[in-house]
Structures are given as structure tokens and as C-alpha cells.
Amino acid sequence: MLSRKATFNSHGQDSEYFLGWEEYEKNAYHEVDNPSGIIQMGLAENQLSFDLLESWLAQNPDAAGFKRDGESIFRELALFQDYHGLPAFKKALVEFMSEIRGNKVSFDQNKLVLTAGATSANETLMFCLANSGEAFLLPTPYYPGFDRDLKWRTGVEIVPIQCSSSNGFQITESALEEAYQQAQKRNLKVKGVLITNPSNPLGTTTSRDELNLLVNFITAKGIHLISDEIYSGTVFDSPGFVSIMEVLMDRNYMNTEVWKRVHIVYSLSKDLGLPGFRVGAIYSNDVAVVSAATKMSSFGLVSSQTQYLLSVMLSDKKFTKNYVSENQKRLKQRHQMLISGLQNAGIDCLKSNAGLFCWVDMRHLLSSNTFEAEMELWKKILYDVRLNISPGSSCHCTEPGWFRVCFANMSEDTLNLALQRIKAFVDSLSTTNNNQSRHQSNKNQRRKSFTKWVFRLSFRDREASER
Amino acid sequence: MLSRKARLDAHGEDSSYFLGWKEYEKNAYDDVQNPTGIIQMGLAENQLSFDLLESWLASNQDAARLTRNGESVFRELALFQDYHGLPDFKNELVEFMAEIRGNKVNFDPRKLVLMAGATSANETLTFCIAESGDAFLLPTPYYPGFDRDLKWRTGVEIVPIHCSSSNGFKVTKCALEEAYQQAHKLSLNVKGVLITNPSNPLGTTMGRDELNDLIGFAVAKKIHIISDEIYSGTVFDHPSFISIMEALMDRKLQDTDLWSRVHIVYSLSKDLGLPGFRVGMIYSNNETVVSAATKMSSFGLISSQTQYLLSKILSDKKFTRNYMKENRKRLKTRRDMIVAALRDAGIGCLKSNAGLFCWVDMRHLLSSNTFDAEMELWKKILREAGLNISPGASCHCSEPGWFRICFANMSEDTLNLSMQRIKALVGRIQQCRRGRVTHQDSGCNSRRRSFSKWVLNLCSYDREPDR
């Protein structure tokens, strides 16, 4: 009656990532109406800098009011459906992207394709680069939405590049090679690698060494590299952000075959906190990809009303410079709040410098080193502690016990409350442990040294490979 | 290196439909800057009633400025990316759709799925209903964009239901059956019929008999019906519009299997003249389709900024009622203008009651009854008369000599100028022929005269099927 796509669960929405959302919706925290409700910490939204945007809007009413230099351009915008995009917007967007990269790279607006969100951009790139049944390699852990965005309607497969906590989840040559071999075993033709840089859920920027490894790998295999740089504007700490384009330029790869096989995805959903406006983009040096993606963007164009508003906003360079710097400051503060609060509860995070979340190590709280135990812990945290966080298994992490916890989508007070709840929960666990018989004390000793090791992990220098 | 979809021409954009656009872009008419340029008559846009929208906007600045009762709703909208859509907007849309249908049908907002334009809605429905390699039957002539929207990324095929001028291009039982058999011959599994009602490019609404034949066919073959009702608000003359839903209800088919196999596509691009805002939707009685399409809408959500603005416009019932009435009046005036002017040039049109275009009969101007001759005539009209119109072949018409000419996307003066140019061209063509005919048998002349009479009679061909 209907297609398999419509009836099967390949949209991926039965994973816990989404079940936690559903629980939250039934019992959402509200500081007045429902103070014991579930606090949403599974949503990677940036709610910290709306005041800056609102104040800009108040000072620039024409931009939202369809006016240019006092004249109405409503008609022009209402009719504008050219899939090449509003030129003024594309110009402002590539300049903004360049600014985020410290102007070490410049972008050509003719190589930019606008799409309704990064969700649309990623799927479109799949349609352009791979046939149904072919595969992309993705480092784990990765954003759960990719299972839907890259695979569902395209028929493309994902083969994981297994990353491990032993080196801070960095991508290694051997992990890349192993993934490639695994794909071969499954008779899957590998078309490329997709990385998210900065990483979701890790919150770390990909190092120059890793990027060089990737360039070597795709050169050797003759495949594509997609770099989803949706969080590039959220880098709040050193090391700074290194874009794949910068690495290619440093290696003098411009106008080579490899140059044409590297594509960037971007969006304003995280950096500017505007997911509702559906603004995404594909940037590619391959004219054929730009051409095909442009036509495909018909299936998800950005509203001209929104393109115009944002073209005016992003053209205000004074505003964007201040916004990016202030936003990064606020993200850094929040990040610090979260990691201190967690440390205070004996919980560590992967050292991170970007993103809207932390990658939190709760392995020491697992009843066993298994994903069942992770699920058990996640449910306790959801139902008893009343926090919705994302379990590592939903991000395809190979090691149980890691969780993504968001910090930028609630007020400071709410974050503090969440941290109090976590501390109370961890304390109650120790109390429970203390009440057990004394022959458990050996176990405790082992746990303490495990905990010490975990503490050391958070300070592990992710620059290791660069020293 | 790239996918087949990216490399092949399955996007359909090399067809003449798009080539004319490209010529126009190189040499566009402007009444001051380029008075001898090409007049665009191939674009089905509604530019007649912007003054009404602009005046509403001027009196309701909150809606565009993202404030509600003076308070900013910016933050709320910036974060709103729920694929269930803005509830207020969906509530208004279903009421608006009901009003267009004279309130003879009611719609449930929970069965409505918002998408970035009808382009996205049609592709999404295809993904939900059919597998790659399945087929949809479409009556010819049809909107050229369907070749891309329904087939390109989905892998679904279109098999034409051939309609002929002998009965005003109405869909007949026999044509339906023939198309079905043809699909079988091609080893294609037919999943449904897609109709555009009112029709593009015909500009006519489907009669009750046609709809009933279609329903009978869909019941017998157990297939879907997709009714693209994007032009439903442009019906300016009798007979009045009958939605597929109304036809089903009149036959009391609400509790049958067919009810859950009928889906409507709608958009605000034609009725409200807002193609740039990307507002489309799917309406379905089938829960699974609604559920799957809702998730798929992630690939093309409507900007929340736009959803908010339009929810405000549509909630002003006094405005929408007046707008629809006035808009229809203006469309009718334009249609009457173009039909009269064409008649004056000895050219007849299919009698129409809707849409933004006429289906024009230029068979008598062909040098031979072939598509090559049609292409030759189209090029003459493009290059000598400087008008970009759409040749029937691009709409898959089975008879050469028919053209779609748009009348609502230019000023009255421009329309008048275009008609003068056509008249002049026709005069030149006929003079050329007379020059040749002088040496021929005069029987030719009398055949031409009676042919012309027949053409003039066609103008007033009554499309009322229930004679």
C-alpha cells in the first residue's frame, strides 16, 4: 500500500534519543508550574544570546518589515524563488563563514547552495555523491540524526569509524582503515567520509593532525570528505577552529582532484541560535555538485523572507563581530559551570572547546560495563533525577557509560538545579554503597582508583599528537 | 565519482520549458530599459493582488516584525523547529482551505503536514507511496516540473494518461485504462494517479463526471489518488471547483479503503502569490502517510518566521475573504483580456475557468502537424515576437500546436504589448503563407477559412460535461 520508507522504522525515531524527548514532553520542567518536572538537557540549542539578536531587530525594524532603504520590497521577496538564492544573503553568509575562520579562508558565494537547514544539506549531498547501497564512513560517536538524514530516503549506508576514549575519541589512521575494510566485508562501496567539526557530541574541534590524516585517507582511496561545520561559530576555547579548507590550502591542494571532493555543510541553527528559520548551506569546489545540489535545493529552499532578514543582519559586520565574540564568551562560562558542577559530583567530562554540550563520563556509575547498564543508568537519570540527557549508545559510541549533556538551552538557574539534582543522585548512590556490607570495601578501593583514572582523563591533553 | 542522480539529466532542466527561461534572462523586457526585450509569459505567477497584501502588512506591522501585542515573539519563533508545524498556522490553513471549497469540506489540522512548497510536498508524497521503479499515472498535458519533482530522486516513473482536444482534454475511462495497460506493458507497478485540479496547463477545473470516473478507477485498481489543488483559489468562473474530498464525501466513501488512499497537495504560491515564502502542504486521511510525511518534512520545513506571518494574515478572515474575491475578479478580467486579444489575432483558447494561464490553440499556425513544427513556431514566437511561452510538448501534450500562455505575471500594459506582438507575428506568418499559396489550388484557401472558423468555434466549446 505504502512505500517501505513510509512503513519501516528507518527514520530512526524509535531510538532512545527521541524517547527521552517524549517523556520530557509529558512532564516538562517549569520553574513555576512544574518545578519537579524533567529538565531538557538533550537539546543542542543555543539560547544564550537572543538578547543581542532582539536588540538588533529592535534597532533595524526594516529588515523584518520587508523594507530596503525605507521602500517596501515585499513584492520582490514574495516572488523570489530562485534556487540560486538571494545574492545579498549568500554574500553576507560567505563573509560570515570566513570571519568565523579568522579570515584564513575565503569563500566564493557561487559555490554556496542554500538549503532549508543542515538536515536538508546533508541529505542533498548524499543524493549527489552516492547511489543507493553505497556507504559513507562516520567517526563514532556521531549525531543520532544522521541515521535518518543520510540513510532514510537515499538508501545510503553508514559504516562507523570506531573512536575510543583511550585517546580522547580522536580519529586514527588504523580506525579509518578498519572502517574501510569493514565496508568492503559488507560489500559496500565507500563514497566518502563525513565528519562533524567541531564534533557533536564530543564538543571538540578536530585537530590539524586528524584533518591531515583524513586528507591523506581520501586521497589514497579516491573518495569524498564532507565536513559538517555547523558548530564552527561555537568554538569558545583553544585550540582554535581549523577548517578542512584551511588544511587543504596549507597543503597547496587547491584545484586538485581532492579539492573538488571536499564539501562543507553549514547552518545558522547553532551559531546564531535560529533553528526555526531553516537556514543551511552546502559549500563545494565541484561545479557539478554545486549545479546538482542547486537544482535539488528546490525541495527545500530557504524562505525569501528569512533570507532577506538575515542578509541585512549578517551584513552588519559590527554586529556580527560583537555577537560571535560575546556568544563565545557566554558559551565558555556555561561550559565551565557545567564541568565544575559535574566535577563536584565526582563526574568528569571530555575536555572540550566548542559546541553546546559536554561529553560526560559516567562509566564509574554503571552497574556493569555494558550498554544495558548504560540504559539502566539513563532511565534512572530520566525518571528519578528527572533530566533528559543523551546516552552514548544513541550516538553509536562503542564504549558504554558516556552521555551528552547540553548546557546552552536553559537558564543559569535551571542548570544549577540540574547540577544539584545530579549531585544528590550521585551522593545517594555512595550512601547506598556505604550501607552495604564491609566486604564491599575492596570493590570501593578499585572504584576509587578507577575514579582517579577518570579524573586524569578529563585533563588529558588532547594536543598529545601535536606535541 | 558523483551519484547517477547528480550526473544524468533526470532533473529535466534541459527541456524547452527551461530553455525559454534562459533566453528570457539574457534579454528580459523592461518597459523603460529594454522595451524590445522578451516578455515572460511562461511563468505562472500571480502578481495581480500584491497591493492588497502590502496594505494589510502596513496596517499589521506586528506580524512581520515578530511581535505579538507589542511583545517580541522572536525567541519563541527562532527556536521553533517542530515538524508538526506552528499550531496557529495549521488551524488557519485548514479553515482557509475549507473556505476556498465553499465550506463544503472540512479539514483536520492534524492531518495536515507542512512542507517547503508544493515541490517538496509532491516529492515527499511520492517517497511515501511508491518504491523506486513504481509508477504514477498523470493526465497529459501536465506541469513540466513533475518530471523532476516526482521522478528524479525517488526513482518513480510517470506514465501518461493521454487526453485529447477532441473532448477538451478531459480524462476519460478509456484513457485511464489505456495508461494502466501501458504501465503493465512497461512492467511498472502503478501506485496511483496524480491529477492537478484545477489543471495546469489547461486552466480548467475537473468535472464531477471526471472525478467520479477517477474514483471508480482508483477503487477498481486499489491505487492512490493525489490531487494537487494548488490552483484551487484561482477559480474565477463557473463551473465551481469540486475538490476530490467533496466528490468522495458526496459518494459517501468516507469509511472505505479509498478514503485513506486520497491525498491533497496545496500551497500558497499561486492563490496568495507568495512562491518565495515556500509554503506547501500535504493533506491525507492516512495516518501512516501523515506520520511518515511529517518526519520527512524535516528535509524541508517552513521557516517559523514565515509560518507566523502567514498565520496572522490568514487569521484575518475579513481580509482573506475580500482578498480571494478581489483576486478572482482581477484574474477573470485578465483572462478575458487575453482571450479577446488572441481571438482578434485569429487564435483560440480552451475555455477555462481557473489558473494563471490559458491553453492556447495555435495548430493552424504550424507548418505541419508535428512537434518539430511546434518547436519551430515556439522559437519564432520567442525570437521574433519576443515572448516566452510554454510549448505543449514540454507539458507532454500528445497533439502538437498547443501552448500555455500566462497572463497574471505582468502589468496590463505589458500584456497588451505582448498581444500586439502576437497579432503582428500571426499577420507575418499568414502573409508568408499567402505568398506561397498564390501559386496553389484555391481549395487550400477555403480549407483554411473553414479551419479558422472551426478554431473560433473552439473558443466557445462548452466544457460542461453534464450536458
Side-chain angles (χ1 to χ4, degrees), chain A residues 1-7 11 13 45 47 50 53-54 57-58 61 64-66 72 74-75 77-81 116-117 119-120 123 127-132 134 148-149 152-153 261 269 273-279 286 288-289 292-293 295-296 298-306 309, chain B residues 1-7 11 13 45 47 50 53-54 57-58 61 64-66 72 74-75 77-81 116-117 119-120 123 127-132 134 148-149 152-153 261 269 273-278 286 288-289 291-293 295-296 298-306 309:
Chain A
M1 183 52 28
L2 300 180
S3 66
R4 285 184 291 270
K5 288 178 181 72
T7 44
H11 49 67
Q13 290 201 200
E45 278 177 355
Q47 295 193 22
F50 280 127
L53 294 167
E54 279 166 331
L57 278 172
F66 298 104
S72 169
F74 173 75
R75 170 187 282 246
L77 290 175
L79 290 172
F80 187 84
Q81 55 172 333
T119 299
S120 181
E123 190 198 42
F127 272 125
C128 288
L129 303 179
N131 295 308
S132 180
E134 293 176 342
R148 174 196 62 189
D149 300 351
W152 190 16
R153 306 190 308 180
R261 294 201 306 267
S269 299
L274 305 172
F277 287 7
R278 314 315 301 146
V279 181
D286 185 331
V289 171
K295 295 177 176 72
M296 286 189 187
S298 303
F299 299 110
L301 295 174
V302 180
S303 168
S304 58
Q305 177 192 16
T306 300
L309 169 64
Chain B
M1 191 42 37
L2 302 185
S3 67
R4 284 184 291 270
K5 289 178 176 72
R7 286 179 283 120
H11 49 70
E13 287 200 21
E45 279 177 356
Q47 296 192 22
F50 279 127
L53 288 164
E54 278 166 331
L57 280 171
Q61 303 207 17
R65 299 219 176 137
L66 307 174
S72 171
F74 172 73
R75 170 185 283 242
L77 289 175
L79 290 173
F80 187 85
Q81 55 172 333
T119 298
S120 183
E123 190 198 41
F127 270 125
C128 288
I129 293 173
E131 304 292 348
S132 179
D134 286 343
R148 173 196 64 191
D149 301 350
W152 189 17
R153 307 192 306 180
R261 292 199 309 269
S269 300
L274 305 173
F277 289 4
R278 315 315 303 145
N286 185 318
T288 311
V289 170
S291 170
K295 297 178 176 73
M296 286 189 187
S298 304
F299 300 109
L301 295 174
I302 302 176
S303 167
S304 57
Q305 179 193 11
T306 300
L309 170 65

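In what follows, chains carry the letters A, B, and so on, assigned in the order in which the sequence lines appear, proteins first and then strands, with residues in each chain numbered from 1. The figures here come from the full heavy-atom set of this structure, side chains too, leaving out hydrogens, waters and symmetry mates. Small disclaimer: the values here were computed from a predicted structure and weren't measured.
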Picking from [options], which has the most non-hydrogen pairs under 4.5 angstrom with chain B?
options: A:R278, A:Q305, A:Q81; result: A:Q305
options: A:C128, A:S304, A:G273; result: A:C128
options: A:S3, A:A292, A:G300, A:A116; result: A:S3
options: A:L301, A:L79, A:L129, A:T306; result: A:L79

Classify the ring geometry between A:F127 and B:F127 as parallel (under 30°), tilted (30 to 60°) or perpendicular (over 60°). parallel
Should the pair B:F299 and A:W152 be assigned to parallel (<30°), tilted (30 to 60°) or perpendicular (>60°) ring geometry? tilted
Just jot down the side-chain hydrogen bond (donor to acceptor under 3.5 Å, both in side chains) partners of A:S120, sequence neighbours excluded, or say none. none
What part of [X] gets closer than 4.5 Å to chain B, counting heavy atoms only: side chain, backbone, both or neither?
X: A:D149; value: both
X: A:Q47; value: both
X: A:A288; value: both
X: A:V279; value: neither
X: A:F80; value: backbone
X: A:E45; value: side chain

For B:L2, does its backbone N or O pair with a side-chain atom of B:R7 as donor and acceptor, under 3.5 Å? yes
Within the side chain of B:Q305, is there an N or O that forms a donor-acceptor pair under 3.5 Å with the backbone of B:L77? no
Quick one: which of [options] has the most heavy-atom pairs under 4.5 Å with chain A, could you say?
options: B:D134, B:I129, B:T119; value: B:I129
options: B:S269, B:S132, B:A78; value: B:A78
options: B:I302, B:L66, B:L309; value: B:L309
options: B:A116, B:A64, B:P275; value: B:P275
options: B:R261, B:E123, B:Q61; value: B:E123

Could you give the distance from [atom1] ([X]) to [atom2] ([Y]), rounded to the nearest 0.5 Å?
X: A:M296; Y: B:R153; atom1: CE; atom2: CZ; result: 5.5 Å
X: B:E131; Y: A:K5; atom1: CD; atom2: NZ; result: 6.0 Å
X: A:F66; Y: A:L309; atom1: CZ; atom2: CG; result: 9.5 Å
X: A:L53; Y: B:F74; atom1: CG; atom2: CZ; result: 4.5 Å

Checking heavy atoms, do the side chain of B:L57, its backbone, both or neither come under 4.5 Å from chain A? side chain
Looking at residues at least two apart in the chain, or sitting in another chain, which of them share a salt bridge (Lys or Arg N to Asp or Glu O under 4.0 Å) with A:E54? none
